[in-house]
Protein chains: 2
Amino acid sequence: MKSDYPTPLATVDLVLLTLRDGVLSVALVRRDRPPFEGRLALPGGFVHVEEDEDLAATARRVLREKTGLVAPYLEQLYTFGGRNRDERGWSISVAYFALLPDIAPDPENGRAILEVDGLPHLPFDHSRIVEQAVARLRGKSSYSSLPVYLMPERFTLDDLQSVYERVLGQPLDRGSFRRQIDFQGFVEPVPGEFRRPEGGRGRPAQLYRLGAKRLKEFGRRMLA
Amino acid sequence: MKSDYPTPLATVDLVLLTLRDGVLSVALVRRDRPPFEGRLALPGGFVHVEEDEDLAATARRVLREKTGLVAPYLEQLYTFGGRNRDERGWSISVAYFALLPDIAPDPENGRAILEVDGLPHLPFDHSRIVEQAVARLRGKSSYSSLPVYLMPERFTLDDLQSVYERVLGQPLDRGSFRRQIDFQGFVEPVPGEFRRPEGGRGRPAQLYRLGAKRLKEFGRRMLA
DNA sequence: AAAATAGTGTCTGTCAGACAGTATGGA
DNA sequence: TCCATACTGTCTGACAGACACTATTTT
């Protein structure tokens, strides 16, 4: 039995954040149907009531269908709903945000990776959604290990610090950062694995990987 | 033009949290129609696409219609959506949570105020929604002025500390608490207004009210 | 040895927790 | 004066920021 009320459209939109050449960026796909056909926008899709068990399932399906990617971190961001955000009618978009290690643009399939700073205006209210996703990442990064999901398999502590600095937009003290990371223990050194500096000269750096704890909130704010 | 896909039901549910005799409690209303007719549940309602401008408008309308109350603080909590949460079909519930000063039960209109600890099982997935709202309040309270929205017009600093302690479920040091509150400055003393101790004996306490800043995040975690 | 990069040790200012002390009222 | 409650001052341990120092590699 359905309700007597006309129901809004129900969609899920994804904000896929990644680090492209060390710069925080978002994955966009070219729309293959109206409205805004041919424009770059967040990957999204309708909830399929026959197919999807719940909203998280919709998010995973959309991610798979639109990009073929799998995100190590996927979190519900916020729900945008109103009369004027989509010309097709009153619509609800449940936005999810995901973090991925560096992913390549794929022009064949209409996928572009754009820096989040200086992003052009996007269709619908997608600009606002991206803004909110970035704000959430920045906010959580100052007191959690979230940014590790932007790292590749193996990385050095200086790599990790650099990612934190990029995400937070401010320099961090080397000693304090390492003290904190060591104390929290969500990454672990890989025994015997090192990486030589690019110039050749200099002490090789210990390589790290994600530990068992993975996502962790720090007890206190980690920095300013 | 509508979508080709069948759309899920779209509802908004409200978690109204309040302090009843100093105990964190939630407002529930008796359902006046199936499913679960006659049972206590979160006040909620369908999105009315003709009437409501956006989701926040739906939330405010439902609050008004179901309780006649106005909430000084209303925030989107999380969106629950899936096939089995409502027997009427695939449904989406955008949950909002609100904070209110002490409100009275209203059996005439089917409204009850129940303590959040030891709550009986609620219809749909409402128990989970309440849980999440309480978790959000607890989480934010340790580093923000959120609990002030649970306070009446006038209150003492000891009242405020007591509310923080109730919400966080742990005692706080008097000196540290006052230092922090004073530094943050989201409440202000009301000149010349004091409240005498209940027993009659003892120094009267300065009365405070919300200041201009109201909602504020602290720089650091306020306590363990 | 020099240079370059990785990693550690230590000082210090800040601040929350603890708690003792002062202030102000009624009985 | 005593008691009860409200409020304040100060000591201290923990810790983040700063930064100098040691370590390890290639040239």
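- The base of D:dG17 lies outside donor-acceptor range of the side chain of A:Arg174, with no N or O pair under 3.5 Å.
- A residue-by-residue look at A:Arg203 and A:Gly175 shows that A:Arg203 has its nearest nucleotide of DNA chain C further toward the 5' end.
- Distance from the side chain of A:Asp173 is smallest to D:dA18 among C:dA6, D:dA18, D:dT5.
- Rounding to whole angstrom units, CG of residue B:Asp158 and P of D:dT5 are separated by 11 Å.
- Here C:dT5 presents its P atom at 17 Å from CG of A:Leu157, a figure rounded to the nearest Å.
- Taking every side-chain heavy atom of A:Ser176 into account, D:dG17 is the closest of D:dG17, D:dT24, C:dG17.
- In this structure A:Tyr149 satisfies the ring-ring contact (aromatic ring centres under 6.0 Å, His included) test together with A:Tyr73, sequence neighbours excluded.
- Taking atom OH of residue A:Tyr208 and atom P of nucleotide C:dA6, one finds them 12 Å apart after rounding to whole Å.
- For the pair B:Ile129 and B:His126, the minimum side-chain heavy-atom distance is below 4.5 Å.
- The aromatic rings of B:Phe155 and B:Tyr208 sit parallel to each other, their planes meeting at less than 30°, with 60° as the upper class boundary.
- As a whole-Å value, the separation of A:Tyr164 OH from D:dG17 P is 14 Å.
- Remark on DNA chain D: of its neighbouring residues A:Pro204 and B:Pro204, the 5'-side contact belongs to B:Pro204, judged by nearest-heavy-atom nucleotide.
- Between the C1' atom of C:dG7 and the CG atom of A:Leu160 lies a distance of 15 Å, rounded to the nearest Å.
- Between the P atom of D:dA18 and the CG atom of A:Leu172 lies a distance of 10 Å, rounded to the nearest Å.
- Annotation: side chain of B:Pro43 is not in contact with side chain of B:Arg111 (no heavy-atom distance under 4.5 Å).
- Contacts of residues 194-202 of chain A with DNA chain C (heavy atom under 4.0 Å): A:Pro197, A:Arg201, A:Gly202.
- With rounding to whole Å, A:Asp159 atom CG is found 9 Å from C:dA6 atom P.
- One can place CD1 of B:Ile181 at 15 Å from C1' of D:dC7, the figure rounded to the nearest angstrom.
- Candidate nucleotides C:dA23, D:dA18, C:dT8 were compared by shortest atom distance to the side chain of A:Arg178, and C:dT8 ranks first.
- Look at A:Gln206 and you won't find any side-chain N or O under 4.0 angstrom from OP1 or OP2 of C:dA6.
- One cannot find a donor-acceptor pair under 3.5 Å joining the base of D:dG9 and the side-chain atoms of B:Arg179.
- At least one side-chain heavy atom of B:Thr11 sits under 4.5 Å from a side-chain heavy atom of B:Asp13.
- Inter-residue side-chain proximity for A:Val163 and A:Asp159 is flagged as unmet; no heavy-atom pair is nearer than 4.5 Å.
- For A:Glu65, the CD atom is densely surrounded, since the number of other residues' heavy atoms within 6.0 Å is greater than 12.
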